[in-house]
Amino acid sequence: MPSTAAVTLLGFGHNNCGSLCVRGGHRHWARVLEVFPERYAEAERQEQELRAELGDVAILRDRTGGCHAFTPSTSKC
């Protein structure tokens with residue numbers, strides 16, 4: 001897991017969950033994809049396993065226009 005100082009220098013506000021915070025928003029996950037593509041890919045794989053088990057769930061949600069649709073990581077926000 002990267003150090004807190006390292007992820008701060010890379011543009012993250014904190015190092016909760018080793019930069020893979022499920023409470024992070026679209027901008028956070030876009031930054032993870034940019035800086036740590038292999039870590040993003042692992043989170044994406046785990047999300048797909050969870051979707052297979054639980055159905056239409058995702059880490060991110062699209063809240064535009066008043067709707068609350070799930071946005072799987074595979075949509076590359």
| request: Report yes or no: does Trp29 contribute a side-chain atom to a donor-acceptor pair with the main-chain N or O of Val22 at less than 3.5 Å? | output: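 No.
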| task | Say whether, by atom type as modelled, one donor and one acceptor occur between the side chain of Arg51 and the main chain of Val57 under 3.5 angstrom. | result | yes
| Non-neighbouring partners of Glu42 that pass side-chain hydrogen bond (donor to acceptor under 3.5 Å, both in side chains), sequence neighbours left out |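 side-chain hydrogen bond (donor to acceptor under 3.5 Å, both in side chains) check on Glu42 returns Arg45, Gln46.
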